[in-house]
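Data first, discussion second: the structure below is written as structure tokens.
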Number of protein chains: 2
Amino acid sequence: MESRIERICVEQGLKMTGQRRVIARVLSDAEDHPDVEELYRRASSLDSRISIATVYRTVRLLEERGILERRDFGGGRARYEPTEHGRHYHLIDVDTGRVIEFEGGEHDQLMARIAETLGFDLVSTRLEIYGRRQTAAVRPEAAGEAVELASPP
Amino acid sequence: MESRIERICVEQGLKMTGQRRVIARVLSDAEDHPDVEELYRRASSLDSRISIATVYRTVRLLEERGILERRDFGGGRARYEPTEHGRHYHLIDVDTGRVIEFEGGEHDQLMARIAETLGFDLVSTRLEIYGRRQTAAVRPEAAGEAVELASPP
DNA sequence: ATATGTGCAAAATGTTTGCTGTACG
DNA sequence: CGTACAGCAAACATTTTGCACATAT
């Protein structure tokens, strides 16, 4: 079946090769923020005839088309997630590398206003929180954590 | 004369070599956010007997000691600025690479509250705005712009 | 049929490191 | 005088690219 990202690629008139179809599927299925190495690993397991150069070229293409967003949470490798309309931000657990998404709320307008004040049109923003899990004793409750594993810093 | 950063180094008991003194001076005088290449260029012009490896080692050391802060505004190279107590954030002009600093205001508490809500102790935050200069016609005024030149994206 | 994409290996880029000699405290 | 630092070049990690071949439209 045609994956969500593949559908978007077709709509944009991109030539769909076998490799792109596989990478599109991997991206569509991803619920985390994989780096290129990880995308390559997942794609390879679906179809071993894929080179990492193709993964690099494909994520670059999809980013240019606005289909993917590149993230940099430190650690020197870029990570990717499908573009979502409806802003969200990221909290990164500095001990485990887990990434938790949260809604922007007031930040969006706040940043737009700052840009405006300084005489700029807002192009994009970046807001990340790096945190450490509170000890159980101190911690009241923790709901809806979009859990993901990444490499600790 | 002893530069501001050199004084801090001495206070922290760091061994002050000629090279470190020069790098400390360059950092003290910098009013922008230079990358290692640029620091190396400036340091070399003061004293040519400095290797780029030493610059890398020194900024790493100073960052570990909390004297410098590493920034990543995209473009793949780390940039540095002396630690200031009193948070500020950065707006990056996507066309020119200029960096403008602005005060955090409500963001600080807002992010602390988000971390708290998700069950985390806040370790650090990252907030950047990428913008494009408004056309003169649309633009009312623009006060106090901490101008800096960097490489366009 | 033709433009575009792919694989591979080599290059480019930014950063770190092993080793040997040097210099600060 | 001993420990930590500096210079150099080689190693490293990630990403890009040149070229010959393959494939989608």
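Within every chain, numbering begins at 1; the chains are lettered A, B, ... in the order of the sequence lines, protein sequences first and strands thereafter. Source: prediction; values computed, not measured.
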Any luck finding a side-chain donor-acceptor pair between B:His88 and B:Glu103 under 3.5 Å? no
B:Asp47 atom CG is separated from D:dC5 atom P, nearest whole Å, by 18 Å
side-chain hydrogen bond (donor to acceptor under 3.5 Å, both in side chains) partners for A:Arg41, two or more places apart: A:Glu38
Value in whole Å for how far the P atom of C:dT4 lies from CD of A:Gln12: 16 Å
How many Å lie between CZ on A:Arg49 and P on C:dC8, as a whole number? 12 Å
Output the rounded distance in Å from CD (A:Glu64) to C1' (D:dT15). 14 Å
Side chains of A:Tyr80 and A:Asp32: donor-acceptor distance under 3.5 Å anywhere? no
Nearest-Å distance, CZ (A:Arg20) to P (D:dA22)? 18 Å
Are A:His107 and B:Glu106 linked by a side-chain donor-acceptor pair shorter than 3.5 Å? no
May I have the distance from B:Arg65 (atom CZ) to D:dA4 (atom C1'), rounded to whole angstrom? 12 Å
Strictly by modelled atom types, are B:Asp35 and B:Tyr40 linked by a side-chain donor-acceptor pair under 3.5 Å? no
Please find the pair of heavy atoms, one from B:Thr83 and one from B:Gly66, that lie closest to each other, and give the distance. OG1-O, 2.8 Å
Please round to 10 degrees the angle between the axis of the first five pairs and the axis of the last five pairs in the helix from C:dA1-D:dT25 to C:dG25-D:dC1. 40°
Can you see whether A:Glu81 engages A:His33 through a side-chain donor-acceptor pair at a distance of less than 3.5 angstrom? yes
Quick one: is A:Gln19 getting a side-chain N or O under 4.0 Å of the D:dT23 phosphate, OP1 or OP2? no
Answer yes or no: does a side-chain N or O of A:Thr54 lie under 4.0 Å from OP1 or OP2 of C:dG7? yes
Starting at atom CG of A:Leu62, determine the distance to atom C1' of C:dG5, rounded to an integer number of angstrom. 13 Å
Work out which heavy atom in A:Arg126 is nearest to a heavy atom in B:Tyr130; give both atom names and the distance. CB-CE1, 4.3 Å
For the residue pair A:Cys9 and A:Met16, what are the closest heavy atoms and their distance? CB-SD, 3.6 Å
Would you kindly give the OH-to-C1' distance between A:Tyr40 and D:dT16, to the nearest whole Å? 16 Å
Each nucleotide in nucleotides 14-25 of chain C should get exactly one letter: B, S or -. Can you fill that in based on protein heavy atoms under 4.0 Å? SBBBB-----BS
